[in-house]
Structure formats: structure tokens, C-alpha cells
Amino acid sequence: MGRLIGDGLYYTIVDIVVAPEFQGKGIGTSIVNHIMNYIGENIPKGGRVSVQLISEKGKEPFYEKLGFETIPNDNCGSGMNKIINNN
Ligand SMILES: CC(C)(COP(=O)(O)OP(=O)(O)OC[C@H]1O[C@@H](n2cnc3c(N)ncnc32)[C@H](O)[C@@H]1OP(=O)(O)O)[C@@H](O)C(=O)NCCC(=O)NCCS
């Protein structure tokens, strides 16, 4: 499974998960490519979008193979997040 959240300009990919017995068969790649194709088909003419995600520790190589760049890099500062609980 995989989820895409966004507003047409910025997108976040979350919850890319393949059942353990099916991992390593290209399914995760296929899910992300499906999502990226959807985004690509919906870019307004002349427009540009940014797709972001937070990799689980150690899963960065999976996303790098799909063209994502680890940040910080020359163009971006660190990604940041904040969790808000309602306990
Ligand atoms: C990460 C995950 C989605 C990858 O899905 P998958 O179907 O196993 O991945 P694929 O078979 O499409 O692998 C594509 C490439 O990424 C590489 N890759 C996959 N998982 C990797 C990992 N944990 N570390 C390094 N490389 C990895 C594969 O070796 C493969 O490389 P290759 O094309 O050179 O052979 C899957 O392992 C998973 O569900 N993990 C548990 C949940 C999780 O951590 N999700 C990520 C949330 S950010």
C-alpha cells in the first residue's frame, strides 16, 4: 500500500508498505512509480511540483533508486517534523 497527500503543488508520500513475504519483488517500486505517474499526469501545464517523504531509517537506498535525494543537500536544508499527541 501507499498513500499520497497533497494539494497539487506540494505532495507527501507516506505509508509505503509491502507485506514481508512479497518484499524484494519490485512491488514497492511499482507502488511509488504509480504514485509518481499520477502526480506527473496532474501537473498543470508549465507547472512544477515538489514531492517529499520521510524515509524510515535505512530505507533511503530504496527511495534513492527512485530518484529521491537525501536532504540536507546543496539546495535544501534539513527536513523537520513535529509530532502532536492528544493524550
Ligand atoms: C521499503 C519497502 C517498501 C520496499 O519495497 P519492496 O517491494 O521490497 O522494494 P523493491 O523490491 O521494489 O526494491 C527496489 C529496490 O530497492 C532496494 N531496497 C528495497 N528495500 C531496501 C532496503 N531496506 N534497504 C536498501 N535497499 C532496499 C531493493 O534492493 C531494490 O534494488 P534493486 O532494484 O537494485 O534490486 C519494503 O521493504 C517495506 O514495506 N518495508 C517495511 C515498511 C517500510 O519501512 N516502509 C518504508 C516507509 S518510509
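Atoms within a ligand are numbered from 1 in the order they appear, just like the ligands themselves. Position 1 is the first residue of the sequence, and the numbers go up from there.
For atom 18 (N) of ligand 1, the nearest non-hydrogen atom of the protein is Phe62 CB, 4.0 Å. Distance from atom 47 (C) of ligand 1 to its nearest protein heavy atom, with residue and atom name: Glu56 CG, 3.4 Å. Nearest protein heavy-atom neighbour of atom 7 (O) of ligand 1: Gly28 N, 2.7 Å. Counting only heavy atoms of the protein, atom 38 (C) of ligand 1 lies nearest to Gln23 NE2, 3.3 Å. Looking only at heavy atoms of the protein, atom 1 (C) of ligand 1 is closest to Lys59 CD, 3.8 Å. In this structure, the protein non-hydrogen atom closest to atom 46 (C) of ligand 1 is Ile16 O, 3.4 Å.
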(request) List the steps and the verdict of side chain to side chain contact (heavy atoms under 4.5 Å, CB included) for Thr29 and Phe62. (result) CA-CA 8 Å; Thr29 297; Phe62 168 71; 3.9 Å; yes
(message) Working note: Asn73 + Cys76, criterion side chain to side chain contact (heavy atoms under 4.5 Å, CB included); need CA distance, chi angles, decisive distance, verdict.
(response) CA-CA 5 Å; Asn73 59 28; Cys76 297; 3.7 Å; yes
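Linking Ile, Leu, Val, Met, Phe, Trp and Tyr residues whenever their side-chain heavy atoms come within less than 4.5 Å leaves Leu66 and Val14 in two separate clusters. Taken together through direct or relayed side-chain contacts under 4.5 Å among Ile, Leu, Val, Met, Phe, Trp and Tyr, Ile71 and Ile54 form parts of separate hydrophobic clusters. No path of Ile, Leu, Val, Met, Phe, Trp and Tyr side chains, each step under 4.5 Å between heavy atoms, connects Phe68 with Val17, placing them in separate hydrophobic clusters. Using a 4.5 Å cut-off between side-chain heavy atoms of Ile, Leu, Val, Met, Phe, Trp and Tyr, with links allowed through other members, Val32 and Phe22 fall into the same hydrophobic cluster.
For ligand 1, the atoms closer than 4.0 angstrom to any heavy atom of Lys25 are 11 (O). Atoms of ligand 1 lying under 4.0 Å from at least one heavy atom of Thr29, given by number and element, are 10 (P), 12 (O), 13 (O), 14 (C). Within ligand 1, the atoms closer than 4.0 Å to a non-hydrogen atom of Gly26 are 10 (P), 11 (O), 12 (O), numbered from 1 in the order shown. Using a 4.0 Å cut-off to heavy atoms of Pro61, the atoms of ligand 1 that qualify are 25 (C), 26 (N). Within ligand 1, counting atoms from 1 as listed, the ones closer than 4.0 Å to a heavy atom of Gly58 are 24 (N). Atom numbering of ligand 1 starts at 1 in the shown order; those under 4.0 Å from a heavy atom of Val18 are 5 (O), 7 (O), 38 (C), 39 (O).
Not a single heavy atom of Ile31 sits less than 4.0 Å from an atom of ligand 1.
Distances between N or O atoms of Tyr63 and those of ligand 1 include no value under 3.5 Å. Polar contact with ligand 1: absent for Phe22 (N/O pair, distance under 3.5 Å). Between Gly24 and ligand 1, an N or O atom pair is found at a separation short of 3.5 Å. In terms of polar-atom proximity, Val17 is not counted as a contact of ligand 1, lacking any N or O under 3.5 Å from an N or O of the ligand. Between Ser55 and ligand 1, no N or O atom pair is found at a separation short of 3.5 Å.
The line from CG of Leu4 to CG of Asp15 is 11.5 Å long, rounded to the nearest 0.5 Å. One distance of note links CD1 of Ile13 with OH of Tyr63; it measures 7.5 Å at 0.5 Å rounding. How far CG of Leu53 is from CD1 of Ile16: 8.0 Å, rounded to the nearest 0.5 Å.
Distance remark: protein heavy atom not present below 4.0 angstrom from atom 35 (O) of ligand 1.
The environment of CD in Glu69 is sparse: at most 12 heavy-atom neighbours from other residues, nucleotides or ligands sit within 6.0 Å.
Proximity of a side-chain donor or acceptor of Asp7 to a complementary backbone N or O of Tyr10 within less than 3.5 Å is detected. Of the possible polar contacts, one joining the Glu60 side chain to the Gly58 backbone as a donor-acceptor pair under 3.5 Å is found.
At a heavy-atom cutoff of 4.0 Å, ligand 1 is contacted by the side chain of Lys65 but not by its backbone. Only the backbone of Ile54 comes within contact range of ligand 1, with a heavy atom under 4.0 Å; no side-chain atom does.
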